[in-house]
Amino acid sequence: GPLPYRNASCGIFVLNIPLLTGTQFIILMVVLGLLLSLGGIGLWMLKLKPIVWDRLTTIHEMIILVFLALLILIAGLASWWILGILLMVLLLLFVVGIISQKISSSNNISNQDKRHED
């Protein structure tokens, strides 16, 4: 059947992990997520050589996204809800800014290609 509620709290999911405490599991998941995120950025950097200005800007954007995600996670774990919400809004605005910049830069490139064809 369903898992029983603990201390009449909702939103708590209890897992029985025999070798780890809850805190150890959270630390392991945070470290693993951070390593995989930074590893993905590192692999992307290795694939894209030489690094030109546009690619360097993208690398900086990815590092900022990982840093913001880490700050949001820390704020959530520390129960700093207002800070977490503000950081999430900042992250969403940053993502929208990145997407709009990439779209406008790709439109500029395609417009330049059309001008060279004429």
Side-chain angles (χ1 to χ4, degrees):
L3 295 172
Y5 292 111
R6 304 280 185 209
N7 301 324
S9 299
C10 58
I12 296 174
F13 187 71
V14 178
L15 289 175
N16 184 15
I17 301 174
L19 300 176
L20 299 173
T21 65
T23 303
Q24 291 170 336
F25 180 74
I26 288 174
I27 291 170
L28 176 67
M29 291 298 107
V30 169
V31 169
L32 187 63
L34 204 58
L35 288 175
L36 290 174
S37 296
L38 295 175
I41 293 171
L43 287 173
W44 187 80
M45 287 171 49
L46 287 174
K47 176 100 172 108
L48 295 175
K49 286 190 176 179
I51 295 179
V52 293
W53 178 251
D54 289 341
R55 293 179 183 154
L56 186 62
T57 302
T58 303
I59 291 167
H60 291 156
E61 291 165 349
M62 288 191 289
I63 291 170
I64 290 170
L65 287 173
V66 169
F67 182 70
L68 280 173
L70 182 64
L71 287 178
I72 291 168
L73 178 65
I74 290 169
L77 291 174
S79 298
W80 301 332
W81 305 118
I82 301 297
L83 178 62
I85 290 169
L86 291 174
L87 288 170
M88 285 176 63
V89 168
L90 181 66
L91 181 115
L92 289 173
L93 289 172
F94 189 69
V95 168
V96 168
I98 290 171
I99 291 171
S100 65
Q101 180 213 7
K102 299 297 179 193
I103 290 172
S104 69
S105 68
S106 69
N107 286 341
N108 288 340
I109 291 171
S110 65
N111 289 339
Q112 287 174 359
D113 289 344
K114 288 179 185 175
R115 278 189 235 139
H116 290 296
E117 290 174 0
D118 294 337

Atom pair [atom1]/[atom2] of [X] and [Y] - distance to nearest 0.5 Å:
{"X": "Met45", "Y": "Leu56", "atom1": "CE", "atom2": "CG", "answer": "8.0 Å"}
{"X": "Leu90", "Y": "Leu83", "atom1": "CG", "atom2": "CG", "answer": "10.0 Å"}
{"X": "Leu86", "Y": "Ile82", "atom1": "CG", "atom2": "CD1", "answer": "7.0 Å"}
{"X": "Ile85", "Y": "Ile72", "atom1": "CD1", "atom2": "CD1", "answer": "11.0 Å"}
{"X": "Leu87", "Y": "Phe94", "atom1": "CG", "atom2": "CZ", "answer": "13.0 Å"}

Residue pair [X] / [Y]: nearest heavy atoms and the distance that separates them:
{"X": "Ala69", "Y": "Leu91", "answer": "N-CD1, 4.2 Å"}
{"X": "Val66", "Y": "Ser37", "answer": "CG2-CB, 3.8 Å"}
{"X": "Met62", "Y": "Trp44", "answer": "CE-CE3, 3.2 Å"}

(message) Does Val30 form a side chain to side chain contact (heavy atoms under 4.5 Å, CB included) with Leu70? I'd like the steps, not just the answer.
(response) CA-CA 8 Å; Val30 169; Leu70 182 64; 4.1 Å; yes
(message) Let's go through Leu19 and Gln24 carefully: what are the C-alpha distance in whole Å and the side-chain angles of both, what is the deciding distance for side chain to side chain contact (heavy atoms under 4.5 Å, CB included) to 0.1 Å, and is it a yes or a no?
(response) CA-CA 9 Å; Leu19 300 176; Gln24 291 170 336; over 6 Å; no
Around atom [atom1] of [X], are there more than 12 heavy atoms from other residues, nucleotides or ligands closer than 6.0 Å?
{"X": "Leu46", "atom1": "CG", "result": "yes"}
{"X": "Met88", "atom1": "CE", "result": "no"}
{"X": "Phe67", "atom1": "CZ", "result": "no"}

Going hydrophobic residue to hydrophobic residue with side-chain gaps under 4.5 angstrom, can you get from [X] over to [Y]?
{"X": "Leu92", "Y": "Ile98", "result": "no"}
{"X": "Ile99", "Y": "Leu68", "result": "yes"}
{"X": "Ile103", "Y": "Leu65", "result": "yes"}

